[in-house]
Amino acid sequence: MFADLLNRLLAPAPAALPAAEADLSLASLLVRLARADDHYGDDERVRIDRVLSARKGLTMPEAAALRAEAEILESEAPDTVRFTRSLKDAVPYEDRTELLEAMWDVALADGSRDAVEDALIRMVANLLGVSDRDSALARQRIEAKRL
(Lines give C-alpha, C1' and ligand atoms only; values in the text may rest on other atoms or scores of the structure.)
Protein backbone atom coordinates (compact mmCIF):
# COMPACT_ATOMS: atom_id res chain seq x y z
CA MET A 1 0.00 0.00 0.00
CA PHE A 2 2.76 2.47 0.93
CA ALA A 3 4.71 1.78 -2.25
CA ASP A 4 1.65 2.46 -4.42
CA LEU A 5 0.84 5.69 -2.57
CA LEU A 6 4.47 6.83 -2.69
CA ASN A 7 4.59 6.16 -6.43
CA ARG A 8 1.50 8.30 -6.93
CA LEU A 9 2.82 11.07 -4.71
CA LEU A 10 6.15 11.08 -6.54
CA ALA A 11 4.60 11.14 -10.01
CA PRO A 12 5.29 14.34 -11.98
CA ALA A 13 1.59 15.24 -11.86
CA PRO A 14 -0.09 13.27 -9.07
CA ALA A 15 -3.79 12.60 -9.47
CA ALA A 16 -6.33 13.39 -6.79
CA LEU A 17 -6.19 10.83 -4.01
CA PRO A 18 -9.06 8.70 -2.73
CA ALA A 19 -10.27 9.86 0.69
CA ALA A 20 -8.42 7.17 2.67
CA GLU A 21 -5.12 8.03 1.00
CA ALA A 22 -5.74 11.75 1.45
CA ASP A 23 -6.30 11.05 5.16
CA LEU A 24 -3.03 9.14 5.30
CA SER A 25 -1.25 11.98 3.50
CA LEU A 26 -2.67 14.51 5.97
CA ALA A 27 -1.61 12.34 8.90
CA SER A 28 1.87 11.99 7.37
CA LEU A 29 2.11 15.75 6.97
CA LEU A 30 1.14 16.17 10.63
CA VAL A 31 3.82 13.66 11.64
CA ARG A 32 6.38 15.49 9.50
CA LEU A 33 5.44 18.74 11.19
CA ALA A 34 5.70 17.21 14.65
CA ARG A 35 9.14 15.79 13.81
CA ALA A 36 10.37 19.06 12.26
CA ASP A 37 11.84 20.38 15.50
CA ASP A 38 13.64 17.08 16.24
CA HIS A 39 11.36 16.50 19.23
CA TYR A 40 8.54 14.06 18.58
CA GLY A 41 7.07 13.32 21.97
CA ASP A 42 3.97 11.74 23.40
CA ASP A 43 2.22 15.12 23.66
CA GLU A 44 2.50 15.54 19.88
CA ARG A 45 1.46 11.94 19.18
CA VAL A 46 -1.63 12.36 21.36
CA ARG A 47 -2.43 15.68 19.69
CA ILE A 48 -2.17 14.10 16.22
CA ASP A 49 -4.47 11.29 17.36
CA ARG A 50 -7.00 13.81 18.69
CA VAL A 51 -6.86 15.93 15.55
CA LEU A 52 -7.37 12.87 13.34
CA SER A 53 -10.16 11.58 15.58
CA ALA A 54 -12.02 14.90 15.54
CA ARG A 55 -11.45 15.59 11.83
CA LYS A 56 -12.27 12.13 10.56
CA GLY A 57 -14.71 10.83 13.17
CA LEU A 58 -12.32 8.07 14.20
CA THR A 59 -12.08 6.39 17.56
CA MET A 60 -8.83 7.08 19.39
CA PRO A 61 -7.49 3.57 18.60
CA GLU A 62 -8.35 4.08 14.91
CA ALA A 63 -6.65 7.49 14.94
CA ALA A 64 -3.57 5.99 16.63
CA ALA A 65 -3.44 3.26 13.98
CA LEU A 66 -3.66 5.87 11.20
CA ARG A 67 -0.90 7.88 12.87
CA ALA A 68 1.27 4.76 13.13
CA GLU A 69 0.85 4.14 9.39
CA ALA A 70 1.59 7.81 8.74
CA GLU A 71 4.83 7.58 10.74
CA ILE A 72 6.02 4.85 8.39
CA LEU A 73 4.94 6.69 5.25
CA GLU A 74 6.46 9.96 6.44
CA SER A 75 9.81 8.31 7.08
CA GLU A 76 9.84 6.85 3.55
CA ALA A 77 8.58 9.88 1.65
CA PRO A 78 11.21 12.39 0.63
CA ASP A 79 9.14 15.40 -0.27
CA THR A 80 6.74 17.59 1.74
CA VAL A 81 5.68 19.25 -1.50
CA ARG A 82 4.23 15.96 -2.79
CA PHE A 83 2.06 15.50 0.31
CA THR A 84 0.85 19.04 -0.01
CA ARG A 85 0.16 18.79 -3.74
CA SER A 86 -1.86 15.62 -3.25
CA LEU A 87 -3.85 17.23 -0.45
CA LYS A 88 -4.45 20.37 -2.52
CA ASP A 89 -5.83 18.16 -5.29
CA ALA A 90 -7.93 16.08 -2.88
CA VAL A 91 -9.33 18.80 -0.59
CA PRO A 92 -11.70 21.55 -1.75
CA TYR A 93 -10.31 25.06 -1.30
CA GLU A 94 -12.74 25.98 1.45
CA ASP A 95 -11.50 23.04 3.57
CA ARG A 96 -7.79 23.81 3.25
CA THR A 97 -7.77 26.22 6.19
CA GLU A 98 -8.97 23.28 8.29
CA LEU A 99 -5.80 21.47 7.24
CA LEU A 100 -3.81 24.43 8.52
CA GLU A 101 -5.79 24.40 11.75
CA ALA A 102 -4.82 20.75 12.17
CA MET A 103 -1.19 21.65 11.56
CA TRP A 104 -1.28 24.54 14.03
CA ASP A 105 -2.97 22.29 16.58
CA VAL A 106 -0.07 19.84 16.35
CA ALA A 107 2.59 22.55 16.21
CA LEU A 108 1.27 24.15 19.40
CA ALA A 109 0.76 20.83 21.23
CA ASP A 110 3.96 21.25 23.23
CA GLY A 111 2.90 24.73 24.37
CA SER A 112 5.38 26.72 22.32
CA ARG A 113 5.99 27.92 18.80
CA ASP A 114 9.06 26.73 16.99
CA ALA A 115 10.66 28.56 14.06
CA VAL A 116 11.14 25.34 12.08
CA GLU A 117 7.49 24.34 12.52
CA ASP A 118 6.35 27.88 11.64
CA ALA A 119 8.42 27.80 8.45
CA LEU A 120 6.98 24.43 7.45
CA ILE A 121 3.42 25.65 8.02
CA ARG A 122 4.10 28.82 5.98
CA MET A 123 5.46 26.70 3.13
CA VAL A 124 2.49 24.31 3.25
CA ALA A 125 0.00 27.18 3.39
CA ASN A 126 1.59 28.68 0.29
CA LEU A 127 1.55 25.34 -1.54
CA LEU A 128 -2.10 24.83 -0.59
CA GLY A 129 -2.93 28.26 -1.97
CA VAL A 130 -3.94 29.58 1.45
CA SER A 131 -2.93 33.15 2.27
CA ASP A 132 -0.69 34.09 5.19
CA ARG A 133 -3.66 35.96 6.65
CA ASP A 134 -5.91 32.88 6.54
CA SER A 135 -3.11 30.78 8.06
CA ALA A 136 -2.71 33.33 10.86
CA LEU A 137 -6.47 33.27 11.47
CA ALA A 138 -6.34 29.46 11.63
CA ARG A 139 -3.55 29.69 14.23
CA GLN A 140 -5.54 32.24 16.24
CA ARG A 141 -8.60 29.98 16.25
CA ILE A 142 -6.50 27.11 17.63
CA GLU A 143 -4.84 29.36 20.22
CA ALA A 144 -8.27 30.58 21.33
CA LYS A 145 -9.43 26.98 21.86
CA ARG A 146 -6.43 26.36 24.09
CA LEU A 147 -7.28 29.20 26.49
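In what follows, every heavy atom counts, from backbone to side chain, and hydrogens, waters and symmetry copies are set aside.
Side chains of Arg139 and Ile142 form no contact here, defined as non-hydrogen atoms less than 4.5 Å apart. Here the side chains of Arg45 and Val31 are not in contact, with every heavy-atom distance at 4.5 Å or above. Between Leu137 and Thr97, every side-chain heavy-atom pair lies at or beyond the 4.5 Å cut-off.
Although no hydrogens or angles enter the test, the distance criterion places no donor-acceptor pair under 3.5 Å between the side chain of Arg35 and the main chain of Tyr40. Judged by distance alone, with hydrogens and angles left aside, the side-chain atoms of Glu62 form a donor-acceptor pair with the main-chain N or O of Thr59 at under 3.5 Å. Counting only distance, with no hydrogens or angles, the side chain of Ser53 and the backbone of Leu58 share a donor-acceptor pair below 3.5 Å.
From Ile72, atom CD1 reaches atom CD of Glu76 across 7.0 Å, with rounding to the nearest 0.5 Å. How far CD of Glu74 is from OG1 of Thr80: 7.5 Å, rounded to the nearest 0.5 Å. Expressed to the nearest 0.5 Å, how far CG of Leu127 lies from CZ of Arg96 amounts to 11.0 Å. Atoms CG and OG1, from Leu26 and Thr84 in turn, are 10.0 Å apart once rounded to the nearest 0.5 Å. Interatomic distance, Leu33 CG to Ile121 CD1, rounded to the nearest 0.5 Å: 5.0 Å. Here the CG atom belonging to Leu128 is positioned 11.5 Å from the CG atom belonging to Asp134, to the nearest 0.5 angstrom.
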Practice item. Mind running side-chain contact (heavy atoms from CB on, under 4.5 Å) on Leu30 and Leu52 for me, showing each step along the way? Key: CA-CA 10 Å; Leu30 295 177; Leu52 293 173; 4.2 Å; yes
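Residues in residues 47-60 take part in these salt bridge (charged side-chain N to carboxylate O under 4.0 Å, His left out) pairs, two or more places apart or across chains: Asp23-Lys56, Arg47-Asp105, Asp49-Arg67, Arg55-Glu98.
The two residues Ala34 and Asp37 have their closest heavy-atom pair at O-OD1, 3.2 Å.
Every residue meeting the salt bridge (charged side-chain N to carboxylate O under 4.0 Å, His left out) condition with Asp118, not counting sequence neighbours, appears here in chain and number order: Arg113. In this view, Asp132 satisfies the salt bridge (charged side-chain N to carboxylate O under 4.0 Å, His left out) rule with no residue, not counting sequence neighbours.
Both Met123 and Leu99 are part of a single hydrophobic cluster, where members link through side-chain heavy atoms under 4.5 Å apart. Cluster membership for Val46 and Leu108, using ILVMFWY side-chain heavy atoms within less than 4.5 angstrom, is not shared.
Ser135 and Arg122 form no side-chain donor-acceptor contact under 3.5 Å, judged by distance and modelled atom types alone.
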